[in-house]
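Have a look at the structure below, then the notes.
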Amino acid sequence: MFVSNITLKNFRNYTSLVLPLKNGITVLSGSNGQGKTNLLEAVYFCSIGKSPRTPRDGELILHNEEQAKISVECAKSIGKEKVDIVLSRLDNKRVNINGMPISKLGELMGAVATVFFSPTELRIVQGGPSERRSFIDIAICQLSKTYFYLLTRYQKILSQRNRLLKSGKATDDTLDIWDNQLASEGAKVIKTRKGFIKQLSPIANKNHNYLTSDVENLELFYEGIEGKTQNEIYDNFLVQLAKDRQRDIKNGHTHSGPQREDLRIVINGLDIRTFGSQGQQRTSALSLKLSELDLATVTRGESPILLLDDVLSELDKSRQEKLLTRVSNFQTLITCTHLEPSVAELLGSEISLLTVKNGTVS
């Protein structure tokens with residue numbers, strides 16, 4: 001899969017843009033604030049229906065305009081696919097796939113598959129559990145529409161249970177009903193996440209070995225409700241909800257479940273969140289993203305688009321070389337303030353070099 005065309009109208013600082021792209025590596029070079037990252041953001045938005053930078057769609061619309069439009073065309077093994085998204089200050093976003101409107105955002109998943117990485121993605125390692133859960137959920141959602149709808153159902157049940165807890169009207173009988181529903185859907189979420197991490201861990205270790213020249217080994221562990229099978233997780237979830245019931249009632253929210261779980265990242269036996277250097281944390285985050293790319297390629301039968309936002313400046317020359325060698329077989333969009341001669345030499349002549357200045361691309 002590769003993006004063959006990006007069309008923008010009143011998106012961020014782009015009044016109007018039609019940008020054809022080639023497969024392979026494209027470098028977007030320019031000073032800060034010129035619109036390089038906005039191009040990656042547009043592709044990512046057509047991938048999962050939200051921005052990696054802000055939860056507020058209105059911020060993506062050009063100042064003093066009422067609407068913005070993003071169109072991304074992809075060449076895939078099964079043909080072409082086009083995603084059109086209209087953002088409005090007055091209404092919900094509208095999404096079309098190949099000219100047909102979709103009613104549920106889950107239908108967008110997988111149409112334009114991407115892996116996004118920027119220096120802020122270090123929060124996967126350095127941030128709180130919610131950052132790591134988000135990484136897991138977004139990766140799985142792009143592989144499975146079923147998981148997207150499952151996660152949506154779980155979150156709806158959780159919201160309703162929490163609303164009951166906050167109302168002060170929760171009883172054992174009413175909570176028993178909600179607990180069964182929550183444990184049933186939650187067990188499916190947890191089982192899917194555990195399966196994903198089990199698949200991802202050896203791939204992440206292979207990538208981390210490569211990036212660190214076999215100096216470091218990386219392991220991933222999903223930390224949540226115990227159980228190998230869905231039924232075991234369901235039973236254990238119900239037991240935990242029963243233990244937490246009085247605390248849940250007192251505090252007005254649910255203390256256990258997928259919304260509270262975490263991913264533990266271990267390098268050479270030590271938890272990277274606590275004991276890792278910034279360099280190790282940066283490399284482990286990159287290993288996770290490359291592994292997401294690999295797993296998606298195997299699962300889908302075609303590779304996603306890799307979006308690297310100002311990542312090269314964060315890496316030493318050795319890791320730059322390893323990364324660029326590693327992604328040479330994927331369509332990769334790279335932003336940078338300027339192309340270092342050493343990086344240009346690594347990339348060779350088979351790249352597209354574009355300059356971005358004040359919302360124009362040349």
Side-chain angles (χ1 to χ4, degrees), residues 1-6 19-29 36 39-40 43-44 46-48 52 72-81 110-118 121 135 138-140 142-143 196 199-214 218 282-336 339-340 342-354:
M1 176 189 302
F2 71 94
V3 172
S4 58
N5 196 78
I6 303 171
L19 180 63
L21 293 173
K22 298 178 182 178
N23 200 358
I25 294 177
T26 297
V27 177
L28 301 159
S29 178
K36 303 185 303 296
L39 292 170
L40 271 58
V43 176
Y44 186 83
C46 287
S47 177
I48 67 167
V72 168
E73 297 178 49
C74 271
K76 306 173 77 170
S77 59
I78 56 173
K80 294 183 179 180
E81 196 133 48
V112 181
T114 62
V115 173
F116 180 85
F117 188 65
S118 73
E121 296 297 298
F135 160 71
I138 290 173
I140 302 176
Q142 291 201 78
L143 298 176
F196 173 75
Q199 285 183 288
L200 195 70
S201 186
I203 303 173
N205 184 47
K206 184 177 179 180
N207 279 309
H208 202 75
N209 287 162
Y210 170 73
L211 292 173
T212 63
S213 302
D214 293 320
L218 183 147
R282 183 182 296 116
T283 304
S284 62
L286 182 56
S287 297
L288 288 177
K289 285 295 181 175
L290 290 175
S291 304
E292 180 187 351
L293 189 73
D294 290 338
L295 184 56
T297 301
V298 171
T299 304
R300 295 172 56 88
E302 59 184 355
S303 57
I305 297 101
L306 180 59
L307 308 172
L308 296 178
D309 185 28
D310 198 26
V311 170
L312 296 179
S313 62
E314 300 288 318
L315 303 174
D316 59 33
K317 186 176 180 180
S318 172
R319 281 172 173 73
Q320 284 181 355
E321 182 175 358
K322 287 178 178 293
L323 172 61
L324 294 173
T325 301
R326 182 68 179 71
V327 304
S328 59
N329 293 326
F330 301 93
Q331 185 186 36
T332 305
L333 307 184
I334 302 174
T335 69
C336 60
L339 190 60
E340 295 283 356
S342 58
V343 175
E345 184 178 350
L346 290 172
L347 290 171
S349 59
E350 299 301 316
I351 66 165
S352 298
L353 178 58
L354 304 176

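Note that the structure is predicted; figures quoted are calculated from it, not measured.
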Would you name the heavy atoms of Thr332 and Ile334 that are closest together and state the gap between them? CG2-CG1, 3.7 Å
Residues in side-chain hydrogen bond (donor to acceptor under 3.5 Å, both in side chains) with Gln199, at least two apart? none
Ser4: side-chain contact (heavy atoms from CB on, under 4.5 Å) partners, not counting sequence neighbours: Phe2, Glu73
How far does OG of Ser287 sit from CG of Leu211, to the nearest 0.5 angstrom? 4.5 Å
Which pair of non-hydrogen atoms, one from Ile6 and one from Val3, has the smallest distance, and what is that distance? CG1-CG1, 3.8 Å
When you measure from the side chain of Asn207 to the backbone of Ile203, do you find a donor-acceptor pair of N or O atoms at a distance under 3.5 Å? yes
Would a 4.5 Å heavy-atom cut-off, applied to side chains only, mark Val27 and Ile25 as touching? yes
Those residues at least two apart in sequence (or on a different chain) that pass side-chain hydrogen bond (donor to acceptor under 3.5 Å, both in side chains) with Ser118 are Thr120
Could you list the residues that satisfy side-chain contact (heavy atoms from CB on, under 4.5 Å) with Lys289, not counting sequence neighbours? Val115, Phe117, Glu121, Ile124, Phe135, Glu292
Do Asn5 and Val72 come close enough that some side-chain heavy atom pair is under 4.5 Å? no
Any side-chain heavy atom of Ser213 sitting closer than 4.5 Å to one from Lys322? yes
Heavy atoms, side chains only, cut-off 4.5 Å: are Leu354 and Leu19 in contact? yes
Are side-chain heavy atoms of Tyr44 and Leu39 found at a separation under 4.5 Å? no
Residue list, side-chain contact (heavy atoms from CB on, under 4.5 Å) with Glu81, at least two apart or on another chain: Lys76, Ile97, Asn98, Ala111
In this structure, OG1 of Thr26 is separated from CD1 of Ile351 (nearest 0.5 Å) by 8.5 Å
Examine distances only and state if a side-chain atom of Ser291 and a backbone atom of Ala204 form a donor-acceptor pair shorter than 3.5 Å. yes
Restricting to non-hydrogen atoms, name the atom on Lys22 and the atom on Ser352 that form the minimum distance, rounded to 0.1 Å. CD-OG, 3.9 Å
Would you please say whether a donor-acceptor pair under 3.5 Å links the side chains of Ser47 and Thr114? yes
Could you tell me which residues satisfy side-chain hydrogen bond (donor to acceptor under 3.5 Å, both in side chains) with Asp310, sequence neighbours excluded, listed by chain and number? Ser313
Nearest-0.5 Å distance that lies between atom CZ in Phe330 and atom CG in Leu293: 4.0 Å
Which residues pass the salt bridge (Lys or Arg N to Asp or Glu O under 4.0 Å) test with Asp316, not counting sequence neighbours? Arg319
Could you pull out all residues at least two apart from Ala113 that satisfy side-chain contact (heavy atoms from CB on, under 4.5 Å)? Met1, Gln142, Arg300, Pro304
Not counting sequence neighbours, which residues clear side-chain hydrogen bond (donor to acceptor under 3.5 Å, both in side chains) with Ser284? List them please. none
Using salt bridge (charged side-chain N to carboxylate O under 4.0 Å, His left out), reason through Asp214 and Lys206 one step at a time and then give a plain yes or no. CA-CA 9 Å; Asp214 293 320; Lys206 184 177 179 180; over 6 Å; no
Please name the pair of heavy atoms, one in Ser77 and one in Glu302, separated by the smallest distance, quoted to 0.1 Å. N-OE1, 3.0 Å
Rounding to 0.5 Å, atoms CG (Leu286) and CG (Leu315) come to a distance of 6.0 Å
Just how far is it from atom CG of Leu353 to atom OG of Ser29, taken to the nearest 0.5 Å? 6.0 Å
Which atoms form the tightest heavy-atom contact between Leu21 and Gln331, and what is the distance? CB-NE2, 4.1 Å
Derivation and outcome, side-chain contact (heavy atoms from CB on, under 4.5 Å), residues Leu200 and Asp294: CA-CA 9 Å; Leu200 195 70; Asp294 290 338; over 6 Å; no
Does a side-chain heavy-atom distance below 4.5 Å link Phe196 with Leu295? yes
For Thr283 and His208, the nearest pair of non-hydrogen atoms, with its separation, is CG2-CE1, 3.7 Å
State, yes or no, whether a side-chain contact exists between Leu312 and Leu308 at a heavy-atom distance under 4.5 Å. no
Where the side chain of Thr299 meets the backbone of Ala296, is there a donor-acceptor pair that is under 3.5 Å apart? no
Can you measure from OG (Ser201) to CG (Leu288) and round to the nearest 0.5 angstrom? 9.5 Å
